[in-house]
Amino acid sequence: MRETDQTGDLPRILLDWYDVHARQMPWRVAPADRKAGQLPDPYHVWMSEIMLQQTTVAAVRDYFTRFVARWPAVADLAGAEDADVMGEWAGLGYYARARNLLKCARVVVAEHGGAFPADHDALLKLPGIGPYTAAAVSSIAFDVPRTVLDGNVERVMARLYDIHTPLPAAKPELMALAETLTPQDRPGDYAQAVMDLGATICSPKSPACGICPWRDPCLARTRGTAADLPKKTPKKPKPVRHGTVYLAQRADGAWLLETRPDKGLLGGMLGWPGSEWLDTQEERPMGEPPVQASWQPLDGEVRHTFTHFHLMLSVQTATIAADTAPTKGAFIPPDKFRPSDLPTVMRKAFDLSRK
DNA sequence: GACACGTGGCC
DNA sequence: TGGCCAAGTGT
């Protein structure tokens, strides 16, 4: 009976903590204002949740501000040029998110009259919205009681109930536990509160159990296992790949760039033409230069680590005669070229050429 | 279930 | 320095 009573108190304890410790974010409505009946703009909630997928709040903040300033409503975004959206997203990573962001905006305008649906299943059908984001948007933007399960909530649940099953196999179990806690009252604040707790106090390394609002009921704290949870299945080592990129500048200052294919790595992003990136041991792939020129190798190399491999890139540069036609890509005049439109690995190659 | 898919900060 | 980690989704 005592256990039941205590479990019933858990959401209330966390909401009381959140009332005091909620972090300010540009897309968030403070708990006091939500209690007064104010809800955030669903467009803002959706935008922030897409950006926050596998990405820290610190990295997202400025991108979010720029996106909503440039495209204040979902209809504005739906009418944007693909290249403008991809360029604005450059540097944030996981570029399929940007492609799906644009797709989703256009579907919301075309099929939902420009208003995001509140219904979890309707949200789930939209491009780029999976189980987590559907739950986050319906709960945070509309106060529909849905359970969010992200990396934070997984960690908090694994510790609260001292679950030793390794991730990702433990997900269904952790979801079932999380669902038992989701309250009917203030579900949006509760969702944000659990994630705030995981991001600040119940952190992956050296959790601050001493100041945690759930320190008393937390089984892992009682048993001293908190820092070792959640368990995870070991990761595979990253192979090293090698390649070459070609930076060509015409006499008028134009740069030779290509838009990468929509599918696959850096899909839809601007980049320097180059070779394939291969797991070769010795010789680096050179590929074919995109234009006839006297190519000069740069000293040094670009090192970059993606999710699943390390990359070592050599950089060739050339100055091109005004009337030379490239076999790949197109020349972009200097006033149209923003290095910030490049994904980071391509910007590193550019930076190396400026040294 | 496994894998592809970015990036920057942290220790 | 190098591995780990972050508000996941699509295939």
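Since the structure is predicted, the reported quantities are computational estimates derived from the model, not experimental observations. To find a chain, count down the sequence lines: A is the first, B the second, and so on, and within it residues start at 1.
Among the atoms of the strands shown, base atoms are found under 4.0 Å from some heavy atom of A:R28. Here A:G267 lies out of heavy-atom contact (under 4.0 Å) with every strand. Backbone-only engagement by A:G264 is indicated by non-hydrogen atom pairs under 4.0 Å involving sugar-phosphate atoms exclusively. Nucleic acid contact for A:P168: none, since no nucleic acid atom lies under 4.0 Å from a heavy atom of the residue. Nucleic acid contact for A:I50: none, since no nucleic acid atom lies under 4.0 Å from a heavy atom of the residue. Here A:V153 lies out of heavy-atom contact (under 4.0 Å) with every strand. Nucleic acid contact for A:M25: base, since at least one base atom lies under 4.0 Å from a heavy atom of the residue.
Contact check, A:R97 against B:dG6: no side-chain N or O comes under 4.0 Å of OP1 or OP2. For B:dC5, neither phosphate oxygen OP1 nor OP2 lies less than 4.0 angstrom from any side-chain nitrogen or oxygen of A:R260. Contact between the side-chain N/O atoms of A:K205 and the OP1/OP2 oxygens of C:dC5 is not found at any separation under 4.0 Å. Within the 4.0 Å cut-off from OP1 or OP2 of B:dC5, at least one side-chain nitrogen or oxygen of A:H308 is found. Phosphate contact (OP1/OP2 of B:dA4, side-chain N/O of A:K263, threshold under 4.0 Å): absent. The phosphate of B:dT7 (OP1 or OP2) has a side-chain N or O of A:H304 nearer than 4.0 angstrom.
If you check the side chains of A:K238 and A:H308, you find no donor sitting under 3.5 Å from an acceptor. Between the side chains of A:R284 and A:S275, no donor-acceptor pair of N or O atoms lies under 3.5 Å. In summary, the side chains of A:R28 and A:Q192 do present a donor paired with an acceptor at a separation below 3.5 Å, with no hydrogens or angles considered.
Nearer the 5' end of DNA chain C, as judged by each residue's closest nucleotide, is the contact made by A:R23, out of A:N100 and A:R23. Summary of the strand contacts: A:Y94 and A:H310 both lie near DNA chain C, and taking for each the nucleotide with the nearest heavy atom, the more 5' one is attributed to A:H310. Nearest-nucleotide positions on DNA chain B for A:T307 and A:A169 put A:A169 closer to the 5' end.
In this structure, NZ of A:K236 is placed 16 Å from P of C:dG3, rounded to the nearest angstrom. Distance, A:K238 NZ to B:dC3 C1': 13 Å, rounded to whole Å. B:dG9 atom P lies 15 Å from atom CZ of A:R61, rounded to whole Å. Atoms CG (A:L167) and P (B:dC3) sit 16 Å apart, rounded to a whole Å. Atoms NZ (A:K103) and P (C:dT9) sit 15 Å apart, rounded to a whole Å. In this structure, the OH atom of A:Y95 is 11 Å from the C1' atom of B:dC5, given to the nearest Å. Atom CD of A:Q53 is separated from atom C1' of B:dT7 by 15 Å (rounded to the nearest Å). Counting to the nearest Å, the C1' atom of B:dC5 and the CD atom of A:Q54 are 10 Å from each other.
Side-chain proximity of A:L265 to the nucleotides C:dA6, B:dG6, B:dA4 is greatest for B:dG6. You'll find that the side chain of A:K232 is closest to C:dA6, out of C:dT11, C:dA6, B:dC5. Closest to the side chain of A:F306, from the set B:dT7, C:dC5, C:dG8, is B:dT7.
When the shell of 6.0 Å around CD of A:Q38 is examined, it contains more than 12 heavy atoms from other residues, nucleotides or ligands. A:D299 CG: 12 or fewer foreign heavy atoms inside a 6.0 Å radius. The number of heavy-atom neighbours closer than 6.0 Å to CD of A:E179, taken from other residues, nucleotides and ligands shown, is above 12.
Comparing the P positions of C:dC4 and B:dC3 gives a spacing of 16 Å, expressed to the nearest Å. For the P atoms, the distance linking B:dG6 with C:dT1 amounts to 25 Å, nearest Å.
Salt-bridge formation is detected for the pair A:R186/A:D19: a Lys NZ or Arg NE/NH1/NH2 atom is positioned less than 4.0 Å from an Asp or Glu carboxylate oxygen.
A donor N or O paired with an acceptor N or O is not found under 3.5 Å between the base of C:dG8 and the side-chain atoms of A:T133. One donor-acceptor pair, N or O on each side, does fall under 3.5 Å between the base of B:dG6 and the side chain of A:T55.
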